[in-house]
Every structure is written in structure tokens, then in C-alpha cells.
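Okay, so here's the structure we're looking at.
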Amino acid sequence: MKPVLFSFNDAELQKFVMDMGEPKFRAAQIRDWLQRGAPDAASMKNLPANLREKLDLVAQTLPVKIVKKLQSGDGETTKFLLELNDAEQIECVLMRTTYGNSVCVSSQAGCAMGCKFCASTLLGLKRNLTPDEIYSQILVAQWELRNGDVKIRANGDANNNDVSHIVVMGTGEPLQNTENVIGFLERANSELNISWRRMTVSTCGIVPGIYDLIKWGRPINLAVSLHAPTDELRSTIMPINNKYKIAEVLTAADEFTNLHNRQLMIEYILLGKKDKNGETILYNCTPEYAETLSKLLTGKNCMVNLIPWNAVDERDFVSPSGNAVHRFQDILIKNGIHTRIRRERGTDIGSACGQLRLNNKKD
Ligand code: SAH
């Protein structure tokens with residue numbers, strides 16, 4: 001396995017460069033390119049050609065390598081399948097939005113949570129990602145924004161070639177890898193100047209992990225993947241609910257958001273099923289459940305993101321009709337609950353959690 005330049009500290013990088021018979025200052029030049037996300041030494045334009053070649057032979061730049069890059073038809077979404085040094089694969093997604101450039105990063109290779117609608121967990125958990133491996137996903141996206149073919153730019157942001165928002169919502173459960181996720185976010189804040197308020201961590205509801213975030217004390221955004229308004233229903237689709245009940249999760253989440261005066265994000269996938277006659281029936285998004293959800297959330301400072309389910313072949317749910325989605329939303333709105341329907345992005349490139357990684361394994 002080749003050494004990873006990005007993982008060297010400054011002294012180690014200098015030694016590496018000097019052992020190659022190069023002057024010390026090359027280390028600072030290389031560091032600058034690494035911080036910009038250079039995928040190889042060949043891209044490091046101010047190094048002499050022979051050094052670039054030598055470097056690419058003996059080392060790799062980042063701890064992630066791009067295996068596949070998919071561009072959505074509208075150019076707004078770029079999805080990367082990345083390979084780690086032990087050949088595990090992860091995904092990250094760059095979204096060019098009107099409010100900035102947002103990157104959705106993975107926190108684990110695979111996932112142990114076993115949610116019944118999700119592709120990421122189908123092959124189980126392989127391992128936690130290191131802070132370097134999570135951070136490198138941002139650098140890959142940053143390089144793409146500056147050097148990729150797509151020229152769409154986010155509106156209204158002065159630094160619109162930069163990654164401005166981070167969502168830890170890719171493969172894995174961030175609060176099962178809290179220490180490394182925090183290490184990554186600290187670095188994104190200090191080295192990339194991304195403010196806490198532009199970072200979001202999404203959890204399926206690991207209560208002690210939420211308290212760890214409270215202890216950490218940074219005013220990031222918290223999203224809870226709720227997906228059902230009763231424990232009975234939620235336990236049928238999210239095994240974690242057998243351990244941490246809805247009331248406990250929401251109490252911890254409220255404590256977090258009240259501390260930082262942030263709005264809690266509630267993720268709610270809309271799931272349907274086929275009955276035995278092949279008709280679509282609503283699973284977690286009947287009008288009754290909309291009323292129950294409204295009661296559960298009344299009085300909370302929260303925003304409900306409704307997400308039509310992205311089909312995953314291995315899962316036996318279906319996506320409900322647009323009408324059903326709007327009916328569900330209308331009831332929440334009537335009850336005074338802030339809600340929006342998450343615009344589907346990149347469905348043409350398999351942007352649902354874990355789809356790309358899973359499909360690549362099947363190829
Ligand atoms: N484990 C964390 C973060 C990763 S999942 C969590 O559960 O929040 C990110 C979000 O995508 C979660 O809300 C998850 O439930 C949702 N998701 C998973 N599979 C999906 C699918 N096929 N379609 C739409 N959303 C999905």
C-alpha cells in the first residue's frame with residue numbers, strides 16, 4: 001500500500017520529500033495542493049515534472065480514490081463512489097444549491113442500524129471512517145467545484161466555488177462514530193472556515209450520541225430521522241427504536257436545539273407498500289399518521305422534511321403518489337407544523353443512501 005501524503009504531519013511530509021532528494025520547501029507546496037483536494041501529484045502544477053511523476057509512483061495524495069463520478073442530467077448533483085485504502089467503498093454527494101454548495105458525507109463504511117428501507121445497511125457495517133477519510137470527501141468535492149466540467153454556480157454566495165455546507169447524512173450512523181465525526185467537523189471549521197451553522201449531523205436517534213454533541217457544545221444543526229410518529233410503527237422499520245424510544249430521542253434532540261437556539265430538523269420518508277392485489281397502500285403516511293405526527297411535534301421548534309422514498313430494489317416498499325405526499329403535508333401545515341417536501345436530487349444517478357456502493361458490489 002502506498003503511503004498517503006495527506007495523512008503525514010508537516011514534519012513527516014518534509015522528511016518524505018527530503019528523503020526523495022528534494023528541497024524542504026516542496027513539502028509546503030504539496031501541502032497546499034493536498035488541502036485543495038488534488039487527486040494526484042500530476043495535478044500539482046508548480047512541482048517539477050519529474051517530481052510529480054516520482055511522487056505518483058511512490059505515494060497517493062488523499063486516503064480516498066475516485067472509483068466513479070456520476071453527474072445528474074441537470075448538472076446540480078455530482079455523486080462520487082470512493083475507495084479507501086482497504087478497498088472499502090463509500091459515497092459522497094455534492095449538491096449545487098441556491099444557498100451554496102453542500103456536500104453530503106459518509107461517516108462509516110456500511111451501517112449497522114438495519115433500517116428496513118435503506119440500501120446502506122444491507123451489507124452491514126464494515127468499519128468507522130477516520131476524520132481524514134471524512135474530511136477527504138469534502139476535498140474531493142472542493143476539487144470538483146474548482147476543476148470539474150460543470151459550470152453551474154450556486155447563487156447568492158460570494159465564495160461560490162467553495163464548499164459552504166456540510167451534511168453528515170451519507171452512509172453510516174454518525175453518532176456511532178461520534179469522536180471521528182467531531183474531529184472532522186472541527187477541522188472543517190478551522191481549516192475550511194465552514195461555520196457551525198452550516199453543518200448538519202443526521203441521526204437515526206442514538207440518544208447518548210446526542211448528549212455527546214451537547215457536551216461538545218458547537219452550534220451545529222441536528223436532524224433526526226423519525227419516519228414514524230408512534231413507537232409501534234417506528235419499531236417495524238427502524239430496529240434502533242427498540243433501544244431508544246421516540247420520546248427519549250425527542251427530549252434529547254430538544255435539549256440540543258434549545259441549547260443552541262436552532263430549529264430541529266425532522267426527516268420523514270414517505271413509504272408505501274403493495275397490497276396483495278398490487279395496489280399501493282400508504283405505510284407511514286396515512287392522514288391518521290399525519291395527525292399523530294402533528295400532535296407529537298406541536299410546540300416544538302422544528303422543521304419536517306418530507307422525503308419521498310427513493311426506490312431500492314432489495315426493499316419491498318414503494319414510493320407513494322405525489323398526491324398522497326401533498327395530502328400528508330397539507331395536514332401538517334393545517335396543524336401549524338413547519339414542513340417542506342425535500343426536492344429529489346440526482347435520482348437519475350442513484351443518489352439514495354448507499355445505492356451506488358451497493359450497485360457497484362452487484363456489478
Ligand atoms: N444514519 C443517519 C444518517 C444517514 S441516512 C440517519 O439515519 O439519519 C440519511 C437519511 O436518508 C436518513 O433520514 C435516512 O433514513 C434516509 N434514507 C435512507 N434510505 C433512503 C431511501 N431509500 N430514500 C430516501 N431516504 C432514505
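Atoms within a ligand are numbered from 1 in the order they appear, just like the ligands themselves.
Within the set Ile269, Ile266, Val167, Leu271, the minimum heavy-atom distance to atom 16 (C) of ligand 1 is found for Ile269. For atom 2 (C) of ligand 1, the choice among Gly205, Ala311, Ala119, Ser202 with the nearest heavy atom turns out to be Ser202.
Counting only N and O atoms by type, the side chains of Glu291 and Asn335 include a donor and acceptor under 3.5 Å apart. Between the side chains of Ser202 and Glu267, not a single donor N or O lies within less than 3.5 Å of an accepting N or O.
Residue Ser225 places at least one N or O, backbone or side chain, under 3.5 Å from an N or O of ligand 1. Checking only distances, Pro174 never comes within under 3.5 Å of ligand 1, N or O to N or O.
For Val224, no heavy-atom contact with ligand 1 is shorter than 4.0 Å. Looking at Glu267 against ligand 1, only its side chain comes within 4.0 Å, counting heavy atoms.
In summary, the aromatic rings of Tyr289 and Tyr283 are positioned with their centroids too far apart to meet the 6.0 Å limit.
Between Gly172 and ligand 1 there is a heavy-atom distance shorter than 4.0 Å. Ligand 1 lies out of reach of Ser120, whose nearest heavy atom is not under 4.0 Å from it. Distances from ligand 1 to the non-hydrogen atoms of His227 include at least one value under 4.0 Å.
Ligand 1 places these atoms under 4.0 Å from at least one heavy atom of Gly170: 4 (C). Heavy-atom proximity to Met169, at under 4.0 Å, picks out these atoms of ligand 1: 4 (C), 5 (S), 9 (C).
Arg187 forms a cation-pi arrangement with Tyr135, by the criterion of a distance under 6.0 Å to the ring centre and an angle within 45° of the ring axis.
Note on Lys274 versus Asp316: no salt bridge recorded, every NZ/NE/NH1/NH2 to OD/OE distance being 4.0 Å or above. Between Arg36 and Asp32 there is a salt bridge, with a side-chain nitrogen of the basic residue lying less than 4.0 Å from a carboxylate oxygen of the acidic one.
No continuous path of ILVMFWY side-chain contacts below 4.5 Å connects Ile331 to Ile266, so the two sit in separate hydrophobic clusters.
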